[in-house]
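Below you'll find the structure, written out as structure tokens, and then a few comments.
No experiment lies behind these values; they were computed from the predicted model shown. What's counted below: heavy atoms across the whole structure, side chains too, no hydrogens, waters or symmetry copies. Below, chains carry the letters A, B, ... as their sequence lines are ordered, and counting in each starts from 1.
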Amino acid sequence: MTTQGPHYAVLMEYLRGGAGDLSDRLPPLLAQFKARLEDGRLAEAAFLLRQAVRPDLDYTSAQSLVRAVKKLRSAGLEGPKPLRLAVLGGFTTTQLCQLIDLYLFAAGADVELYEAEYGIFRQEILDESSGLYAHKPSLVFLAVSWRDLTHLPTISDDRAAVRAKVQAELDEWAQLWRTAHQRLGCQIIQNNFEEPPWRALGNLEKRHPASLGRFISLVNHELAEAAPAYVTVHDVDHLSAAAGRWNWSDARFFHHAKMPCGPEHLCTYAHSVASVIASQAGLSHKCLVLDLDNTLWGGVVGDDGLGGIRLGHATPEGEAYLAFQQYLKELRLRGVVLAVCSKNEDAIAREAFEKHPEMVLRLDDISCFVANWNDKAANLRQIAAELNIGLNSLVFVDDNPAERELVRTLAPEVAVPELPEDPSGYIQALEKHRYFQLVSLNAEDIQRTNSYKANAARKQAQAQASNIEEFLQALDMTGLVQDVNEHSLERTVQLLQRSNQFNLTTRRHTAAQVMAMMSDPAWETTTITLKDRYGDNGLISVLLARREGRALVIDTWVMSCRVLKRGVEHLALNHLARQAARRGLDRLRGEYIPTPKNILVKDHYASLGFAPAGTDTDGRTWWELDLADWTDRPHFIKETATDATA
Amino acid sequence: MPLPDEVFDVIRDVFDDPSLALNETTSAKDVDGWDSLMHINIIIALEKHFKVKFATAEVSDLTNEGRNIGSVIEMLRKKVPGGEP
């Protein structure tokens, strides 16, 4: 799709204007949108809208965009397969739902929404004949507020009485989760509870055992501790605190319309919920690509020299860059991949990382370092290719508006946040987009950025080995093949959400769905973890297969691209063949559903010796492997142990 | 722009209908789609446009029998600097 054209100048004007009042800048953009809509150029119209949807929209502008998306859909825009979502509110959710839908549209997801009347969320969950169960959602959002707490303490309660009330509160919510989950197998998003801005006990509020504020913070704490893997706790309390509690709770709109917060904060609220949903749908970003001069430090290192750049405690501005680097380092430590894309001489750029005493980020932290004089859009494509991720997984951070505009024009898939001129504002400018939302964090995330570097070492070893067998042998690999268990569930689901390339069917099963498979004897749920002499690759492959007649049908086969061509596919296939034999089945059946991203595995089954067994009109292919004369496929991975129950 | 016209434009904007026929005697029941949700959207848009705040009672008063856009304009005249004719 071309992004150039008369509408493009309008879009740039809109984006360039930064935060604040959009009432002047949005109408021309919407006029361009309407023109495109009338011409039937729906993809371009959708592109314009997606760019216009930003986390800091004001309520009235957001409503205009909500209407525009509605028009686009009734004009026939085809979206992705919709996610079935139910919103059960303790307050009026109408506006919130519209805005959640708007932000999901911008993130590239579609929802089929069921919205219950406000205030009846308990009945909806308990009554099996409710609209909730008729809708059969895979995701249920419990949009409740502190006003829905039913065991509030009274001031004479002692510590033990308050503790008992916290427990009673928790038990009730947990019961609702269990009931909905048992009946629907759904994933649940549960709001935590925002502390009201007023404090009857004043400064004693946090300390007195029976204060409302302390009670709510205890409930929030226990809620986070008790929530099982199928429940995501949505942190409304943080949203309210970040906005300022008095600002957040515009009581007029609660009294008049039972709105959960002031209208100007509904967009933030919806963006936050949508970012959690998008993350569960595998749409989070993965990599932050950083410019250097005036982004990581003040000044131009090529002109000012190592001693001339502003970074560190000598100047206030230098401290601001330091703080930004510390923030980036934290992101890296939790698994966000960092890359550099800078117009610089490579050696000079690297020298700053190696020699500047106050640099927080080191070369070690950067998974892909590109410093040259090519255009940045081309460099971003190169970075995405080297890291083996999609362009739409990248976030590009550059202080230079011209570079940002170039990237938006030539690589529109890349997310490009506006940055303020003052580096003290960089963290907030980035943070408000919620690019890197996590459903969970596990050891693999923390390992991941290291493994990109271990991969580089492996590549070197490969270059030295004279043939591939010798190389694989020397890697000294051990693989652990296991059923999915409670410890591996999180990572399993994460791999299902994130894998795009080595993913035969791209089915994004949720934790709830995988849990159901784990307890269903018709299913084989398998994970593979791989170690080699350069380190632990962690859990890198998931296979989900179910018995169907005489065949074991492979519903899902995903693998991390980091371990391509290492023989893991053969290890996995041998395991499946064994499981099929154990069940007395005589063949394996595989399926390939093409997407724009999984061409890599188009011939996966053919290369494993499966015979073609049909093609659907949508390009989906079926494959079968007769196990009558099965022999194990060769590989160089030592199998350590299989799950005792397998 | 005279205050009434400015108010009409804000409301037309909320309904996304530049040709919506409005005058001071128009009330919610005369306009297709002016439900309680739209009412809130109109209030929010007016507050933003004129940089004013309606009191809780004023917000609900506008939906009462016999109240119309003229009542809104009347209320705004008291709040907007230079709004009194």
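Atom OG1 of Thr56(B) and atom NE2 of His255(A) lie 6.0 Å apart (nearest 0.5 Å). The distance from atom OH of Tyr59(A) to atom CD of Glu47(B), rounded to the nearest 0.5 Å, is 12.0 Å. Note that CD of Gln63(A) is 7.5 Å distant from CE of Met38(B), once rounded to the nearest 0.5 Å.
Looking at every heavy atom in both residues, Arg252(A) comes nearest to Phe54(B) through NH1-O, 2.5 Å. When all heavy atoms are compared, the tightest approach of Ile44(B) to Pro263(A) is CD1-CB, 3.3 Å.
Heavy-atom neighbours of Gln428(A) CD from other residues, nucleotides or ligands within 6.0 Å: at or below the threshold of 12. More than 12 heavy atoms of other residues, nucleotides or ligands lie within 6.0 Å of CZ in Phe254(A), so this atom counts as buried by the packing criterion. Counting heavy-atom neighbours within 6.0 Å of Asp32(B) CG, excluding the residue itself, gives a total of 12 or less. Summarising the local packing, CD of Glu117(A) is surrounded by 12 or fewer heavy atoms from other residues, nucleotides or ligands at distances under 6.0 Å.
Residues satisfying the side chain to side chain donor-acceptor pair (under 3.5 Å) criterion with Tyr269(A), sequence neighbours excluded, are Asn191(A). Under the side chain to side chain donor-acceptor pair (under 3.5 Å) criterion, Lys70(A) pairs with no residue, sequence neighbours left out. Evaluation of the side chain to side chain donor-acceptor pair (under 3.5 Å) rule for Ser275(A) yields Gln437(A) as partners, not counting sequence neighbours.
For residues 90-101 of chain A, heavy-atom neighbours of chain B at less than 4.5 Å comprise Thr94(A), Gln95(A), Gln98(A), sorted by residue number.
Counting only distance, with no hydrogens or angles, the side chain of Arg67(A) and the backbone of Val14(B) share a donor-acceptor pair below 3.5 Å.
At a 4.5 Å heavy-atom cutoff, the contact between His39(B) and chain A is made by side-chain atoms alone.
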